[in-house]
Amino acid sequence: MKNRTWIKGLAALCASAAVACGGGAGPQGGVAVYLDESQPIEKRVEDALSRMTLEEKVAILHAQSKFSSAGVPRLGIPEVWCTDGPHGIRPEVLWDEWNQAGWTNDSCTAFPALTCLAATWNPEMSALYGKSIGEEARYREKDILLGPGVNIYRTPLNGRNFEYMGEDPYLSSRMVVPYIEEVQKNGVAVCVKHFALNNQEAHRHGVNVVVDDRALYEIYLPAFKAAVEEGGAWAVMGAYNKYKGEHCCHNRYLLNDILKRDWAFDGVVVSDWGGTHDTKQAAENGLDMEFGSWTDGLSWGASNAYDNYHLAAPYLDMLRKGEASMATLDDKARRVLRLIFRTAMNTRKPFGSLNSPEHLTAARRIAGEGIVLLKNEGGVLPIDLGRAKTIAVVGENAVKMMTVGGGSSSLKVRHEYTPLEGIRAAAAGKAEVIYERGYVGDVTGDYNGVKTGQDLSESRSEAQLIADAVAAARKADAVIFVGGLNKSNHQDCEGDDRLQYGLPYAQDKVIGALAEANPNLAVVIVSGNAVAMPWIGRVPAVLEAWFSGSEAGNALADVVFGAVNPSGKLPFTFPVRLEDNSAHALGEYPGGDTVTYNESIFVGYRWHDKERLEPLFAFGHGLSYTTFAVGNVKADRTTLASKGSIRISADVTNTGDRAGAEVVQLYIGDEQSSLPRPVKELKGFRKIALDPGQTQTVTFEITPDMLRYYDDAKGAWVAEPGAFTAYVGVASDDIRGTVGFELK
Ligand code: BGC
């Protein structure tokens, strides 16, 4: 690490003082072009490339350790250091192993999971997130942040949904762009993952996804496209699974044709760790950097494990024999050099910061804005600390740390405020808070050597735990149950999918018993996924609190006691039953060697709308402690010319008695179309903060390109003339006004 800093310092010196520096000297002894930051980046890339040997070009294309790749030491071109991603900066791991290295300076701020960020429906929160995590990555001297993830939420069973931004391509596109822009301002590349069609963990290393072109282009690709074309992402990670029979890390359709040709991506394609399987395909099909292939340091020998990577000795061999193209090698090396100039060799980047008060405040703010008030009858929430004297908190998730576990996004934090801590801190001096466990889920707390240090051992029987929880609830003025999923295997965790849609660990029984014991019950679900709620009719208040990082407990307390008025909206549908989800109703899941997306474009609310299937909670749903009226929906014209635009407006009024924010959502439906289309699709949204009594007019501009579908027969996007309907509402199932128009 020290050596790296020195190399960077040297590059800065050479560039700024225009001195001759060893391998970096130019022909006249002046500063070499590639070291001169005043030169255009492409010129520097060509200059560096022209100085590199064949071996040096190959050496920068694969890992040299678990998370780093070699630079060109002779030329002072530094190594590239990657880190997970996407919710905080992963602790340092050993050179050749997943286990943490045991550093004592690598605790980070854990930001809320990306589902929570998406639930803010606020691109400003995305920018704040990107800025904050980018600063942490920079401080930790990382060049590539392995995230964000934008795989579409296809089934509630996917163990990694918590790392993604929900079921809608428009929402995830709008949310991913500011994250990327702000991270990269720190001279840290994002690595948008997992490209593409990585929508389940089951069979993730081999499953071949069969999907029609409409669903591919309309549902699964748009967020990646926005990340590349609008966000300007400097790196993209290939997915583990296959598409058209080829692994996505070296997939000619996805990488060469779509990403690099159609979207003109000029960055680096990074393999997922262990996602590279074939040297010829890796050489030809768009992969630029290979990581994680055989790095246990054991089976392939610690000494030469990295030489055995596909893009190492085997590739070099092909090149030497003339079996691989030198031009393609140069293209890969150029991309890596470009990335290095943008990141590791960018001496003008800021210095970053770690665990700053600003980052903790950002984490709390994003978490507070992302929490979704799903149900609130009889004003159970917010809990009034002037009236409630005894508050019973029940549930393992009230005390369990959630930043450790879940797979590669696992973190090491200085401190994680659990819900119980947050609630106790907020109620201190005002109410007594009593705690009961209620159920026992997973008592372990260790991920790759990072330990929570929590002792969650418990010896009471299920019946006793419930009886004790009920007794506490009877004594209390208000009861808060905190449960949901956790970051253990088969929950919200990488590597496997969930085994059931229902809550695990007999939580349904606990909730049922609490509902009988005390009507003042709020259920808080901590998860990154939808769950079944068979008790919904008996519970007056429900919050979806997500995995929300270092400040989880404080953010939850902010909402529970009303310091923050909830304004989060669901980024995916909660079906009543698993069979109501289209992947399960129609499609195939989990498949085996292949999985076929028979549901095509009818994912999430698009399916519920089509089937008129009432969800438990709809996409876009989320309540507030105040109320809003949305009305006066109108269009400034009735026809839209092929090059014109149309403005849709609506008035939103805070009709309650506290300040709050509403997300006004615009959906559009195509009334006459040659191909089947969803009833409506999200095409705009705006979060509006209003004081009581205040009204604001929201406007959305619709252009013909927003009305297009992907015509798979033509292989092109088509905006078909005819009648359309604009729907304006506050959830996909709560439309407050519509207006028709015609595309000419
Ligand atoms: C995950 C990636 C992650 C990588 C490195 C893989 O198992 O799929 O998302 O970035 O490991 O930890």
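Residues: numbered from 1 along the sequence shown. Just so you know, ligand 1 is whichever comes first in the structure, and atom 1 is the first atom listed for that ligand.
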Parallel, tilted or perpendicular: rings of Y306 and Y309 (30°, 60°): tilted

Under 6.0 Å from the six-membered ring centre of W95 and within 45° of its axis: does the NZ or CZ of K66 meet both? no

What salt bridge (Lys or Arg N to Asp or Glu O under 4.0 Å) pairs are there with at least one residue in residues 187-196, not counting sequence neighbours?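 As it turns out, the salt bridge (Lys or Arg N to Asp or Glu O under 4.0 Å) pairs with a partner in residues 187-196, which skip direct neighbours, are D84-K193.
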
Restricting to pairs with a member in residues 265-277, which pass salt bridge (Lys or Arg N to Asp or Glu O under 4.0 Å), not counting sequence neighbours? D266-R342

By salt bridge (charged side-chain N to carboxylate O under 4.0 Å, His left out), which residues pair with D262, not counting sequence neighbours? none

Do the side chain of N186 and the main chain of E182 share a donor and acceptor less than 3.5 angstrom apart? yes

Atom-level proximity to ligand 1, residues with heavy atom under 4.0 Å: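 Ligand 1 pocket, heavy atoms under 4.0 Å: F67, D84, R90, W98, L146, R160, K193, H194, R204, M237, Y240, D272, W273, S408, E494.
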
